[in-house]
Amino acid sequence: MRETLGDSSVTAANAVAAGYFGSYSVVGLLALIGVLFVAVAFGAGRLLRPVVPTPEKLLTYECGVDPVGEGWAHTQVRYYVYAFLYVIFAVDSIFLFPWATVFAAPGYGATTLVEMFIFLGFLAVGLLYAYKKGVLAWT
């Protein structure tokens, strides 16, 4: 450590700190402008829209069907499971396209082939587990 700090080293440290915080002030200013833009847009929408509440407008709207009875409906869990399985295999296909481009590049063939078989093996184990649990049986 230095025993004495000269004016030049203190000035240089202040200049570095000012530049550092100056960068954050630009980000803060942009965030403030973004928040103000959204607030002005919402305020203008509230001032310009017509407000004429009627009983029909205050009803719950669901696909053009008038609400009758309770709002609770029983839904089978298997529909969610099928949706979840679809998402898993959609993500799988998303990973296959970039893999195919890297696989075609020289020098990466064997490594990427092994990695993809490991990935597909994990998916196959998951699909086998779902099959063994009876999730895929449509009843």
For Phe84, I'd like to know if atom CZ has over 12 heavy atoms of other residues, nucleotides or ligands within 6.0 Å.
no
Would you say Tyr131 has more than 12 foreign heavy atoms packed within less than 6.0 Å of its OH?
no
Members sharing Leu36's hydrophobic cluster, built from side-chain contacts under 4.5 Å between Ile, Leu, Val, Met, Phe, Trp and Tyr, are Leu32
Do Leu113 and Phe122 sit in one hydrophobic cluster, given that two such residues count as connected whenever their side-chain heavy atoms are within less than 4.5 Å of each other, even indirectly?
no
Phe119 with Leu96, same ILVMFWY side-chain cluster at under 4.5 Å
yes
Is the shortest side-chain heavy-atom distance between Val27 and Ser25 below 4.5 Å?
no
Separation between CG of Leu127 and CZ of Phe89, rounded to the nearest 0.5 Å:
4.5 Å
